[in-house]
Amino acid sequence: MSSIADNIGSVTRRIQKATLAAGREPGSVSLLAVSKTRPPEDLRAAVTAGQTAFGENYLQEALDKIEALRDLPDLEWHFIGPIQSNKTRQIAESFAWVHSVDRLKIARRLSEQRPEGLPPLNICLQVNINDEASKSGCTLDQLPDLVAAIGELPNLRLRGLMAIPDPDQPEGELRLSFRRLANALNALKQQHPDAGPLDTLSMGMSGDMDLAIAEGATWVRVGTALFGARPPKQAQG
């Protein structure tokens, strides 16, 4: 069985190869280790191999890990799961990034609840790129108004867009889904030049990161290829 360090090396090389093949700048794609359901010791093994950015879906599990790994000060925590209104305060207090903001109410609460003394919270807007009933996210049509409203909020730094396309699409349609998200980000840069850096596309996972990188991903969210298959899902807070 490959070690987590070996897997990180393999995925890193895969990212570098895909970045080069796409004609993009080396280092322009970052690896976000999706560590949901993984114990703290797995994250420590990843840190030893040089990984510092971790994405978590379940708030209480994430808070427990943040506390357990408090002795590692350079970790960067990303919240990537659906957000309930009653969870925004703890998210605003504990994370550097939130990839899954899908409505103005959540953005307002994150802004209001971000503690003084912390830098602005980096956020991405989650887009339901394939209009799937089972997926969270705003529509492409809702993006311009949402970006304009969020641009008025203090304590947030709007970085870009996130999507989880339907993985069962044929490869050509999956590529088009990634391309639609990239085109939407480019359009927002033109329409709202002062809304934020708008420099981030959070898209691509273990099975499709190469396609996502070819279409402009700047963060790829990888779990299985780093840590192996997840254990059976349990209820999480």
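- Nearest heavy atom pair, residue L201 against residue G216, reads CD1-O, 3.4 Å.
- Checked by atom type, the side-chain pair N130/S177 shows a donor-acceptor distance below 3.5 Å.
- Under the 3.5 Å distance criterion, the side-chain polar atoms of S111 are left unmatched by any main-chain donor or acceptor of A107.
- E171 and L211 get closest at one heavy-atom pair: CG-CD1, 3.5 Å.
- Contacts of A214 classified as side chain to side chain contact (heavy atoms under 4.5 Å, CB included), with partners at least two apart in sequence or in another chain: R175.
- Here the CG atom belonging to L125 is positioned 5.0 Å from the CG atom belonging to L158, to the nearest 0.5 angstrom.
- Residues N183 and R180 fail the side-chain proximity criterion, which asks for heavy atoms closer than 4.5 Å.
- Proximity of I164 to R221: side-chain heavy atoms (C-beta onward) are separated by under 4.5 Å at one or more points.
- In the hydrophobic cluster analysis, where Ile, Leu, Val, Met, Phe, Trp and Tyr join through side-chain heavy atoms closer than 4.5 angstrom, I66 is grouped together with L43.
- Note on ring orientation: taking the six-membered ring where Trp is involved, the planes of H78 and H99 are tilted (angle from 30° to 60°).
- Looking only at distances, a side-chain donor or acceptor of S3 sits under 3.5 Å from a matching main-chain atom of D6.
- Taken together through direct or relayed side-chain contacts under 4.5 Å among Ile, Leu, Val, Met, Phe, Trp and Tyr, M162 and I123 form parts of separate hydrophobic clusters.
- Not one N or O on the side chain of E93 forms a donor-acceptor pair closer than 3.5 Å with the backbone of Q113.
- Across D102 and S136, no two heavy atoms sit closer than the pair OD2-CB, 3.8 Å.
- Rounded to the nearest 0.5 Å, atoms CE (M203) and CD (Q126) are 14.0 Å apart.
- To the nearest 0.5 Å, the span separating CG on L226 from CG on N7 amounts to 6.5 Å.
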Check: Would N155 and L121 count as a side-chain contact (heavy atoms from CB on, under 4.5 Å) if you check the C-alpha gap in whole Å, the side-chain angles of each, and the deciding distance to 0.1 Å?
Finding: CA-CA 6 Å; N155 305 320; L121 182 62; over 6 Å; no
Notebook entry, point to check: Given L59 and I91, is the side-chain contact (heavy atoms from CB on, under 4.5 Å) satisfied, shown in steps?
Noted result: CA-CA 7 Å; L59 179 58; I91 292 173; 3.8 Å; yes
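- Evaluation of the side-chain hydrogen bond (donor to acceptor under 3.5 Å, both in side chains) rule for N122 yields R159 as partners, not counting sequence neighbours.
- The environment of R89 atom CZ is sparse: at most 12 non-hydrogen atoms of other residues, nucleotides or ligands sit within 6.0 angstrom.
- For T19 (side chain) and I15 (main-chain N/O), a donor-acceptor pair under 3.5 Å exists by modelled atom type.
- A continuous path of hydrophobic side-chain contacts links L63 to L75 [ILVMFWY only; heavy atoms under 4.5 Å].
- In terms of heavy atoms, D168 sits closest to D166 at N-OD1, 2.9 Å.
- With contacts defined as side-chain heavy-atom distances shorter than 4.5 Å, the pair V47/L69 does not qualify.
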Next item on the list: Verify salt bridge (Lys or Arg N to Asp or Glu O under 4.0 Å) between E112 and R109, making sure each step is shown before the conclusion.
Entry: CA-CA 5 Å; E112 291 166 358; R109 290 177 67 88; over 6 Å; no
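- Connection of L104 to L198 is established within a shared hydrophobic cluster, with ILVMFWY side chains joined at heavy-atom distances below 4.5 Å, either directly or through further cluster members.
- Counting only heavy atoms from C-beta outward, the side chains of P144 and H192 approach each other to under 4.5 Å.
- Residues I129 and F178 fail the side-chain proximity criterion, which asks for heavy atoms closer than 4.5 Å.
- Distance alone, capped at 3.5 Å, places no donor-acceptor pair between the D145 side chain and the Q142 backbone.
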Next item on the list: Show your working on side-chain contact (heavy atoms from CB on, under 4.5 Å) between L161 and L143 and close with a plain yes or no.
Entry: CA-CA 10 Å; L161 305 178; L143 270 180; 3.8 Å; yes
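- Put simply, the side chain of V98 does not reach to within 4.5 Å of the side chain of I106, judged on heavy atoms.
- The hydrophobic cluster containing L174 also contains L140, counting ILVMFWY residues as joined when their side-chain heavy atoms lie under 4.5 angstrom apart, directly or transitively.
- Using a distance-only test at 3.5 Å, with no hydrogens or angles considered, a donor-acceptor pair links the side chain of R24 to the main chain of I213.
- Counting heavy atoms from C-beta outward, S35 and E56 have side chains that approach closer than 4.5 Å.
- Proximity of a side-chain donor or acceptor of S100 to a complementary backbone N or O of P82 within less than 3.5 Å is not detected.
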Item checked: Steps toward side-chain contact (heavy atoms from CB on, under 4.5 Å) verdict (L185, T200) -> CA-CA 8 Å; L185 184 67; T200 300; over 6 Å; no
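- E41 has no carboxylate O lying under 4.0 Å from a charged side-chain N of R44, or vice versa, which leaves the two without a salt bridge.
- Closest of all the heavy-atom pairs between Q90 and F95 is O-CD1, 4.4 Å.
- A92 and L118 get closest at one heavy-atom pair: O-CD1, 4.3 Å.
- The distance from atom NZ of K65 to atom OG of S94, rounded to the nearest 0.5 Å, is 14.0 Å.
- Under the ring pair (Phe, Tyr, Trp, His ring centres under 6.0 Å) rule, W97 has a single partner from W77, F79, W219, which is W219.
- Between V220 and V29, some side-chain heavy-atom pair lies under the 4.5 Å cut-off.
- No donor-acceptor pair under 3.5 Å is formed between the side chain of E173 and the backbone N or O of P170.
- Summarising the geometry, atom CD belonging to E67 is positioned 4.5 Å from atom CZ belonging to R70; distances are rounded to the nearest 0.5 Å.
- A donor-acceptor distance shorter than 3.5 angstrom exists from the side chain of Q51 to the backbone of L31, with no hydrogens or angles considered.
- A donor-acceptor pair under 3.5 Å is absent between the side-chain atoms of K105 and the main chain of S85, judged by distance alone.
- When only modelled atom types and interatomic distance are considered, Q60 and D64 share a side-chain donor-acceptor pair under 3.5 Å.
- For the atom pair CD1 (I80) and SG (C124), the distance works out to 11.0 Å, reported to the nearest 0.5 Å.
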